[in-house]
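What follows is a single structure, written as structure tokens, with notes after it.
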Amino acid sequence: MENNITFKEFNISQKTLRAIEDMGFEEPTPIQVSTIPAILEGRDVTGQAQTGTGKTAAFGVPAIERVDPDSRETQVLVLSPTRELAIQTAEEFARLAKHHRGINILPIYGGQAIDRQFRALQRGAQVVVGTPGRVLDHLDRGTLSFAGVKFVVLDEADQMLDMGFREDIEKILDETPRNRQTVLFSATLPRPILEISKRFQKDPEFISVARKEVTVPQIEQLYLEVRSRDRLEILTRLLDMYDPELTLIFSNTKRGVDDLTTHLQARGYFAEGLHGDMKQALRDRVMAKFRAGNIDMLVATDVAARGIDVEDVDLVINYDVPQDIDYYIHRIGRTARAGRAGRAVTFVGPKEYFKLRTIQDYTRIKIARIPLPTQGDVEESRTRKLIDRVQQVINEGNLEHYANLIERIISEDYTSLEVAAALLKLELGGAGPADRGQGLPQDIGPAQGLALLRIPLGREHQIRPKDIVGALAGETGIPGSAIGAINIYDTYSTVDVPLDAADRVIEGMKGKTIARVRLTRPIEIVGAPGGNASPGGR
Ligand code: AMP
């Protein structure tokens, strides 16, 4: 899997390189490494690759390079089995062509008003991504011409055949210029695909990414299904629930690493990011901190994680399903070293399930599905740990001094149960289930049981989320984990805190400093659960 090849080594334009950079891709995936150079050379290629491997960019990058923006003719034709894939592919092409001027990309598929497609085709689309039926329809009507087509892609060819498009595909290919380049991608290569390849490709190069036999160590492998917008919330619940000492979180892109690190820091976690764009010295510093236990979690891309060797990682989170099976194996292998117990949890988006299935099929490992943790689960886990700790402290003895204190409180007419309950409430940050509401996974959305506070310091004062977390936790004692979403605006910031901690924060912060800037005006409550008060006052 370690190919050590960068996109820069391909013979592609700066414009495309910049687009790839913007997309946050750190290095080409294995299928890209093996197909892009051959396609760029002009060879016909048959690539065996599933969705999720980066196959779209594998043909998208060379396709964009082939387009002459000065001509309005259709030059690239991509055939896709479904409307969804056609749209997705067109979007990926658009991202890749972002810095090229004058390249128009048009998805055409059944179900969309045909006259709208006429107009778009009339304007000229150098790249057409379409389903075979609709492409043929336009060809028959004379609204699409293949005269200038030089590059044809059959994407998910096995799917297209399964859907009965074989005849349409053959007709389309017969109509395209003979000197075209023909690229075919398919998850499987059954006989009919090979027949199409034989008939329509010239001396094709067959490429599939070879795999070694794998042995996966004893790691508890789990997955959960989570919508994109709920991922952060679910991640923090998992972290709170498992309470790991060292966590490694993987994201597929550099941008993903940066975003997630910022969000985690804003929520008060000691997290740092690691990716290939960072200077070696900085990477070393982050790693040293991680090893020394000064940070609890490392958010990394696959490339950046390769160079690191840390023992004792007790939780690996795949915030995205990895691009490649080998990445998966490499990632989860970071935990359960030296016979220790380890756990790996993969976040699976609604459209990613099949990627996970491929991983399971290949590794022949059952990855168990777990339900989304609720706020109640987090509390339950925290309570269980607290009870354990309390028992341990009792067993260790030496409690006379504290017992005397309790006796003093009891003499003021409280029961020992009340005293213990009050101490527990303090320990738990004053936010028990009754205070917070029992968040069910479906409830993720507007924060419940929280107050929105307005802090009269903002970007102008160079305030960062972690300064707010640090000041609030340090000055008022509310635990960092109880501090919710933070937004920094130009002149002020907002922060969610548990409703019953709001007064403590307002009082406790009076006249205090945040990032060495003194608060000359008090913090105010501007919203409550369900309320829609806005921070206002700008
Ligand atoms: P595909 O297999 O084409 O469906 O791609 C799956 C996802 O991987 C898409 O969201 C792509 O944008 C993304 N992707 C493609 N190439 C890379 C890469 N080299 N690094 C990271 N992500 C990639």
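Numbering of ligands and ligand atoms starts at 1, following listing order.
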Tell me if a side-chain donor or acceptor on [X] pairs with a main-chain N or O of [Y] at a distance below 3.5 Å.
X   : Y    : result
E73 : Q126 : no
T16 : I12  : no
R43 : P37  : no

Using 4.0 Å as the upper bound for N to carboxylate O, is an ion pair formed by K98 and D22?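 Here D22 pairs with K98 in a salt bridge, since their nearest N and O are under 4.0 Å apart.
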Going by the atom numbers of ligand 1, which of them fall below 4.0 Å from some non-hydrogen atom of [X]?
X    : value
F7   : 19 (N)
T53  : 2 (O)
N252 : 21 (C)
T56  : 1 (P), 3 (O), 4 (O)
T29  : 17 (C), 18 (C), 19 (N)

Determine, using heavy atoms of E27 and all atoms of ligand 1, whether some pair is separated by less than 4.0 Å.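 The answer is yes: ligand 1 sits under 4.0 Å from a heavy atom of E27.
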Counting non-hydrogen protein atoms only, what is the nearest one to atom 18 (C) of ligand 1? Give residue, atom name and distance.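 Result: F25 CG, 3.4 Å.
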Does an N or O anywhere in [X] fall below 3.5 Å from an N or O of ligand 1?
X    : answer
T253 : no
Q323 : yes
R95  : no
A57  : no
E26  : no

Would you say the ring centroid of F185 lies under 6.0 angstrom from that of F59?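 Yes, they do, as the ring centres are separated by less than 6.0 Å.
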Greater than 12 external heavy atoms within 6.0 Å of Y242's OH: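 Count over threshold, so yes.
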Is the number of heavy atoms from other residues, nucleotides or ligands within 6.0 Å of CG (N487) greater than 12?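 Result for CG/N487: enclosed.
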Show the numbers, then the answer: is there a side-chain hydrogen bond (donor to acceptor under 3.5 Å, both in side chains) between Q221 and Y328? CA-CA 11 Å; Q221 293 172 66; Y328 178 81; 2.7 Å; yes
Does the ring-ring contact (aromatic ring centres under 6.0 Å, His included) test come out yes or no for H138 and F118, once each step is laid out? CA-CA 8 Å; H138 280 287; F118 288 156; 5.6 Å; yes
Any protein heavy atom nearer than 4.0 Å to atom 10 (O) of ligand 1: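 Given the 4.0 Å limit, the answer for atom 10 (O) of ligand 1 is no, no protein heavy atom qualifies.
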As a check for students: among E352, R255, Q32, identify the option with a heavy atom nearest to atom 16 (N) of ligand 1.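 Result: the heavy atom closest to atom 16 (N) of ligand 1 is in Q32.
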